[in-house]
Amino acid sequence: MQLNPAQQAAVDHRGSPLLVLAGAGTGKTRVITHRVAALMDEGVPPWRILAVTFTNKAAAEMRARMEKMCEGKVDVSQLWVGTFHSISARILRRHGESVGLSRNFAIYDTDDQTRLMKRVFKEMNRDDEQIKPRAILGHLDQLKNRGLTIDQVDQLGLEGFMTRLVALLGRRYQELLRAADASDFGDLLVLAVKLLEKAGTEQPRPGAQLVDVDPVVGLKRRFLHVVVDEYQDTNPVQARLVELLSQRAQLCVVGDDDQAIYGWRGADVSQILGFPDRQPGCELIRLEQNYRSTGHILHCADAIIRRNEGRLGKTLWSELGDGALVVLRACEDEREEARFVVNEILDALNEDIPPEEIAVFYRTHAQSRVIEQQLTDNGMRYAIFGGLGFFERKEIKDALAYLRLLQNPASDLDFTRIVNEPARGIGDTTVGRLTALAANRNVALLEVARNPEEAGVSGAAAKRLALFVAMIDELTARLHAGTPLGQLAAEVLERTGYRDALVQEGSEESEARVENLDEFVGALTEFAQDNPEQTLADYLEQVSLVSDADGGGRGEVRAVRLMTIHSAKGLEFEKVILTGMEEKVFPHSRSIAGEEAAREEGRRLRPEERAQLEEERRLAYVAVTRAKRQLVVTYARRRRLYNQEFIGTPSRFVRDLPPDSVRGRVPGVVRREAPAVPAQLQAMLSSPPPRPAAPARERSWNSDIVYDEGVAARPAARTRAPIASDDAPSLYKGMQVRHRQYGEGTLVGWDGTGSNLKLAINFPGVGVKTILARFCEPL
DNA sequence: TGTTATTGTGTTTTT
DNA sequence: CACAATAACA
């Protein structure tokens, strides 16, 4: 297929920075691959070209496409293609000494991070705090994403005590991380940037020769062309990294501001919006012809995204014709929704759509369970993207921990993970004593374990420790003797008794685990055969950077796909079923929180609150634009989630759909439905008196809902919100209620149903409190 | 010390 | 509901 003029221009542009604004389905990847191929055609050496993607899968795909395109002509393996994280890791692996990382440093994933932070909590006696390790890590990560150091915590705008806590615990966390010769995801980027920034700033020694030039400086000058995909999702550190590597390169960034969905992770859309301003002479090219979806789908996408402010603005068009109408379906509850999904899948299969071209999307992982159940009941195979991957299973993580400990004896986290796994009588007390001494002397746990007596570990435990240490030493020797990786892994599992312990257990679960371990050994053997020159460190790195995206180990190829919308980014399917389209599900309740608060306080939305909502909207846009020919959208009236029943209102995104492109009734303007008053409260209600039971509930659940947008603007107290005319006695905003302790107050909102109904009441002089309805009585 | 029962608690999206 | 942290027990 020929490139269209805009695409061709993006491929051909040379000489100045280039921003390609590529709408969904406009052939972005084609442009990138063609551009890189063209560069190589022109004689740019492959090793002087860098292509950065977001996921490993995208990187692998790109490389594959290049190989196909350049068959035989150029050595594509010389190209630098990778994710921000893998490229950083690669740089640090080679040159990381100056920022405190050895050649074999470990990469900690989220789980490792949490465990390490928990240790910090314990060490500093903070485990009683309400604050959880995850929270601190979250802030720490945010810090890193913005390229700030721990001394700049205050710039995060946290509350005072949190700022102090993050600084205190974060600092110690970093110390331990470095001491363990490890890096977390955030540090990979931060340290790579630090390394590159430092290079070349030192005064050259007198008489230094050109050959003495710092290799890192060479790295900065290496690339002549840099291409970045999904630029809208980069965070400041990533952008800085790209800049540093583009010292001599022509920079080409590709992205779509309407698909920026990682703001919560520190990504900053203004990066792409401000790119032309930051880059003198920057050329901007828009790709707007969509080759993926049919008309009605695009109309829906546009109807959703056009309501966002602060976008560069693009209108997608297509030559594919209107195609089928988008199907909209209201379901009674999540089970019916799941059944409907199954039916839709069956329909598609009957139309000969291959299963892997059918995808079911949901906002959060928690929603997948019901659908999975229903699919299983109907004997349908499916592949889940995301969730617990192979390398996140306990047994695999244990095996990896053993290997990492062999590779890196300083890794205390791995030590503690497996020292008593399988149980060998080295319990918390023993480990506690070791930890105390290790912290004191600033040495690794494994070192301390060599002299247990000094740590005050008694005879029996000391003996067991000695055995453990001897075993680790032997295995370490095997590693350094060059034992093939697969065999080494097998020996580890044998010698440590890990495999035996599982076999002994004899349960169905343990059996599965043994199988997983065998698979792991197999994978390692295969890896060693395919990459004879690669070491254990290389393998460990590859594993820790691999995410759900590549689906390599698990997942049927010929199976329906289930995934969150986030993981759907960059993919496309013949038929997409978008589920759970209700307020508080999608848009997620956390994104709406600000809006509700604003309504209750009678103020306007704060910028960050609006930004969150706009991000949800972009997420909806991403979801819709994944569909090639068929799009089905479902929502449920009632939904059980987290063991709580929620009354659903159709998502605002559903209400935005253009009726002309939709089959099924687009719910009109809607407001939150007034919940039925629970019996307890109802009994207490004296006025207004309960009306005789009305058959109101029989009616279509949308019909009695009236939208009133004005609520947000008006002060809550004066809003005498409508009680659904013929409904049982209802709550209404402005209603006066009494609480034993707080006295009389004004109802400003509510949440939940039945005995979980919570009222938000504004008590004069006290403020707004959220109280279970049964503790309140109406006046 | 290690295992099991119980309570409690949260519950987005990911490299 | 699911899972993690804690308490009680062997």
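Just so we're on the same page: letters track the sequence lines, and every chain starts at 1.
Using a 4.0 Å heavy-atom criterion, one finds that A:Phe84 contacts no nucleic acid atom at all.
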Using a cut-off of under 3.5 Å, enumerate the N/O to N/O pairs linking the protein to nucleotides 5-12 of chain B.
{"unit_1": "B:dT12", "atom_1": "O4'", "unit_2": "A:His588", "atom_2": "NE2", "d": "3.4"}
{"unit_1": "B:dT12", "atom_1": "O2", "unit_2": "A:Arg363", "atom_2": "NH1", "d": "3.4"}
{"unit_1": "B:dT12", "atom_1": "O2", "unit_2": "A:Arg363", "atom_2": "NH2", "d": "2.3"}
{"unit_1": "B:dT12", "atom_1": "O4", "unit_2": "A:Arg590", "atom_2": "NE", "d": "3.3"}

Below 3.5 Å between N/O atoms, which protein atoms pair up with nucleotides 1-3 of chain B? Just atom names and distances, please.
{"unit_1": "B:dT1", "atom_1": "OP1", "unit_2": "A:Thr430", "atom_2": "OG1", "d": "2.8"}
{"unit_1": "B:dT1", "atom_1": "OP2", "unit_2": "A:Thr429", "atom_2": "OG1", "d": "2.1"}
{"unit_1": "B:dG2", "atom_1": "OP1", "unit_2": "A:Gly425", "atom_2": "N", "d": "2.7"}
{"unit_1": "B:dG2", "atom_1": "OP2", "unit_2": "A:Asn420", "atom_2": "ND2", "d": "3.1"}

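For A:Tyr635 and A:Phe653, the gap between ring centers reaches or exceeds 6.0 Å.
Using modelled atom types, one side-chain atom of A:Asn145 and one backbone atom of A:Arg265 make a donor-acceptor pair closer than 3.5 Å.
For A:Glu230 and B:dT14, the CD to P distance is 14 Å, given to the nearest whole Å. Taking atom CZ of residue A:Arg265 and atom C1' of nucleotide B:dT15, one finds them 5 Å apart after rounding to whole Å. In this entry the distance linking NZ of A:Lys144 with C1' of B:dT14 reads 15 Å, nearest Å. Taking atom CD of A:Glu372 as the reference point, atom P of C:dC1 lies 16 Å away to the nearest angstrom. In this structure, CG of A:Asn56 is placed 12 Å from C1' of B:dT14, rounded to the nearest angstrom. Atom pair A:Phe121:CZ and C:dA4:C1' shows a separation of 16 Å (rounding to whole Å applied). Nucleotide C:dC1 holds its C1' atom 15 Å from the CZ atom of A:Arg639, rounded to whole Å. The separation between A:Gln373 atom CD and C:dC1 atom C1' is 13 Å, rounded to whole Å.
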task = Under the side-chain contact (heavy atoms from CB on, under 4.5 Å) rule, what do A:Gln271 and A:Asp233 come out as? Steps first, then yes or no, please.
result = CA-CA 9 Å; A:Gln271 218 96 239; A:Asp233 284 326; over 6 Å; no
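Checking B:dT15, B:dT13, C:dA5 against the side-chain heavy atoms of A:Lys118 singles out C:dA5 as nearest.
Partner A:Leu540 forms a side chain to side chain contact (heavy atoms under 4.5 Å, CB included) with one of A:Leu400, A:Asn104, A:Asn408 and no other, that one being A:Leu400.
Look at A:Arg178 and A:Asp187 and you find a salt bridge, because one of the NZ, NE, NH1 or NH2 atoms lies within 4.0 Å of a carboxylate O, short of that distance. A salt bridge is defined here as a Lys NZ or Arg NE, NH1 or NH2 lying under 4.0 Å from an Asp or Glu carboxylate O, and A:Glu336 with A:Arg339 fails to meet this definition. Ion pairing between a basic and an acidic side chain is recognised when a charged N comes within 4.0 Å of a carboxylate O; A:Glu615 and A:Arg618 show such pairing. Salt bridge status for A:Arg146 with A:Asp268: absent, with no side-chain N to carboxylate O gap under 4.0 Å. Salt-bridge formation is detected for the pair A:Arg363/A:Glu616: a Lys NZ or Arg NE/NH1/NH2 atom is positioned less than 4.0 Å from an Asp or Glu carboxylate oxygen.
Nucleotides B:dT12 and C:dA5 place their P atoms 16 Å apart, quoted to the nearest Å. Comparing the same atom, C1', in C:dA4 and in B:dT13 gives a spacing of 22 Å after rounding to whole Å.
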request  = Under 3.5 Å for both distances, Watson-Crick or G-U wobble, that's the pair rule; now give the dot-bracket for DNA chain B, with | marking pairs to another strand and [ ] for crossing ones.
outcome  = ||||||||||.....
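Note that A:Arg90 lies in the cation-pi zone of A:Trp80, set by a 6.0 Å cut-off to the ring centre and a 45° limit from the axis.
The shortest heavy-atom contact between A:Lys569 and A:Val622 is CA-CG1, 4.3 Å.
For A:Lys397, the NZ atom counts as densely surrounded, since its 6.0 Å shell holds more than 12 non-hydrogen atoms of other residues, nucleotides or ligands.
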